> 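Can you read through this structure? Questions will come right after.
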Amino acid sequence: MKSTVNLHDVIAGQSAPPPCDTTLGVRLTEARDGYAKGVWKVSESLLNGNGVIMGGFVGAAADIVMAYAVTTLLRDDQMHASINLHTTFHRPMEAGEAEIEALVEKPGRTVVYVTATVRQNGKEVASATSSVLIMEKR
């Protein structure tokens, strides 16, 4: 059975985050005015065969925080979906804690452009960009 979570309610502290957030270990710490910040507890279960965090998980964690940044600019009758996600890796990432910051760079009526930075141990490990489609809820 499909369940939905209103991200406005998560931001307000009135609802638990969606399963993808908790499964990956991402916790929202701040969200307002097209900006969001989160802490990612990076589990060793996300390591690849080279002993570093698999890049797809890094992109997914950034996407989670970018979703909250976009949500801060939406009305309750709107929803969003990523239509493009690009992640650039600057250095390997290891298990531990990371910080993710996301910012809506260019809000549009139907498409929003968002960026995110993932940092670990004070160093940038990845950056992500996303184009996000804005739709009316059905």
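All values reported here derive from a predicted model rather than from experimental measurement.
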> Passes side-chain contact (heavy atoms from CB on, under 4.5 Å), Ser15 versus Val5? Steps please.
CA-CA 8 Å; Ser15 175; Val5 175; 3.9 Å; yes

> Locate the shortest heavy-atom distance separating Thr72 from Gly34; write the atom from each residue and the value.
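Minimum heavy-atom separation between Thr72 and Gly34: OG1-N, 2.7 Å.
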
> Looking at residues at least two apart in the chain, or sitting in another chain, which of them share a side chain to side chain donor-acceptor pair (under 3.5 Å) with Asp76?
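Scan of Asp76 (side chain to side chain donor-acceptor pair (under 3.5 Å), adjacent residues dropped) gives His8.
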
> Under 4.5 Å between side-chain heavy atoms, counting indirect links through other Ile/Leu/Val/Met/Phe/Trp/Tyr residues: same cluster for Leu7 and Val112 or not?
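Hydrophobic grouping puts Leu7 apart from Val112.
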
> Quick one: pull up OG in Ser131 and CG in Leu85 and give me the separation to the nearest 0.5 Å.
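Atom-to-atom, Ser131:OG and Leu85:CG are 9.5 Å apart.
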
> Please tell me whether Val65 and Leu46 are part of a single hydrophobic cluster in this structure, the criterion being side-chain heavy atoms less than 4.5 Å apart.
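Hydrophobic grouping puts Val65 with Leu46.
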
> Which heavy-atom pair separates Tyr35 from Leu103 by the least distance, and what is that distance?
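Here Tyr35 and Leu103 meet closest at CB-CD1, 4.3 Å.
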
> For Glu44, does the CD atom sit with more than 12 other heavy atoms under 6.0 Å from it, leaving out its own atoms?
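Counting neighbours around CD of Glu44, 12 or fewer heavy atoms of other residues, nucleotides or ligands fall under 6.0 Å, so no.
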
> Considering all heavy atoms of both residues, which atom of Ala95 and which atom of Ile53 are nearest to each other, and what is their separation?
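In this case the closest contact between Ala95 and Ile53 is N-CD1, 3.9 Å.
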
> Do Glu136 and Asp77 come close enough that some side-chain heavy atom pair is under 4.5 Å?
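Result yes, sub-4.5 Å side-chain heavy-atom pair found.
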
> How many angstroms lie between atom CD1 of Ile100 and atom CE of Met66, to the nearest 0.5 angstrom?
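Here the interatomic distance stands at 9.0 Å.
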
> Would a single hydrophobic cluster contain both Ile64 and Trp40, if residues Ile, Leu, Val, Met, Phe, Trp and Tyr are joined by side-chain heavy-atom contacts under 4.5 Å?
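Yes, Trp40 and Ile64 fall within the same hydrophobic cluster.
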
> Hey, mind stepping through Leu28 and Asp21 against side-chain contact (heavy atoms from CB on, under 4.5 Å) and telling me if it holds?
CA-CA 9 Å; Leu28 182 70; Asp21 295 21; 5.9 Å; no

> Does the side chain of Asn6 reach to within under 4.5 Å of the side chain of Gln14, using non-hydrogen atoms?
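No. Closest side-chain heavy atoms not under 4.5 Å.
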
> Within the 4.5 Å heavy-atom criterion, are His90 and Lys123 side-chain neighbours or not?
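Side-chain contact under 4.5 Å: no.
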
> Might you work through the side-chain contact (heavy atoms from CB on, under 4.5 Å) test for Lys137 and Arg75, ending with a clear yes or no?
CA-CA 10 Å; Lys137 288 184 180 177; Arg75 301 182 313 261; over 6 Å; no

> Could you grab the distance from atom CZ of Arg32 to atom NZ of Lys37, nearest 0.5 Å is fine?
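If we round to the nearest 0.5 Å, Arg32:CZ and Lys37:NZ are 9.5 Å apart.
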
> If only side-chain N and O atoms count, and only distance matters, is there a donor-acceptor pair under 3.5 Å linking Thr88 with His86?
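Yes, because at least one side-chain N or O of His86 sits under 3.5 Å from a partner of the opposite role on Thr88.
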
> Go through the steps for Thr29 and Glu99 under the test side-chain contact (heavy atoms from CB on, under 4.5 Å), then give the verdict.
CA-CA 10 Å; Thr29 59; Glu99 178 182 277; over 6 Å; no

> Using the side chain to side chain contact (heavy atoms under 4.5 Å, CB included) definition, which of the options Val70, Ile134, Thr71 pairs with Gln78?
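So, applying the side chain to side chain contact (heavy atoms under 4.5 Å, CB included) to Gln78 and each of Val70, Ile134, Thr71, only Ile134 qualifies.
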
> Output the distance between atom CE (Met135) and atom CE (Met79), rounded to the nearest 0.5 Å.
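Here the rounded value is 4.0 Å.
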
> Looking at every non-hydrogen atom in both residues, tell me the closest pair between Ala98 and Val42 and how far apart they are.
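The pair with the smallest heavy-atom distance is CB-CG2, 4.2 Å.
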
> Say whether Glu105 and Thr115, considering side chains only, have a donor N or O and an acceptor N or O under 3.5 Å apart.
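Looking only at side-chain atoms, Thr115 and Glu105 do form a donor-acceptor pair, the distance falling under 3.5 Å.
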
> Distance from Ser45 atom OG to Phe57 atom CZ, nearest 0.5 Å?
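One finds 7.0 Å between OG of Ser45 and CZ of Phe57.
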
> Under 4.5 Å between side-chain heavy atoms, counting indirect links through other Ile/Leu/Val/Met/Phe/Trp/Tyr residues: same cluster for Val26 and Phe89 or not?
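Same hydrophobic cluster.
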
> Spell out, as yes or no, whether a donor-acceptor pair under 3.5 Å connects the side chain of Glu124 to the backbone of Thr117.
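Pair absent, no side-chain N/O of Glu124 close to backbone of Thr117.
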
> How close do Asp63 and Ser130 get, counting heavy atoms only, and between which atoms?
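In terms of heavy atoms, the two residues are closest at OD1-OG, 4.4 Å.
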
> Is there a path of hydrophobic side-chain contacts, each under 4.5 Å between heavy atoms of I/L/V/M/F/W/Y residues, joining Leu24 to Val39?
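No; Leu24 is not reachable from Val39 via cluster members.
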
> Say you draw a straight line from NZ of Lys41 to CD of Glu97; how long is it, rounded to the nearest 0.5 Å?
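Reported value, rounded in 0.5 Å steps: 4.0 Å.
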
> With the side chain counted from C-beta on, respond yes when Met93 and Val52 share a heavy-atom pair under 4.5 Å apart, and no when they do not.
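No, too far: nothing below the 4.5 Å cut-off.
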
> Measure across Ala116 and Ala62 and return the closest heavy-atom pair with its distance rounded to 0.1 Å.
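Closest approach of Ala116 to Ala62: CB-CB, 4.1 Å.
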
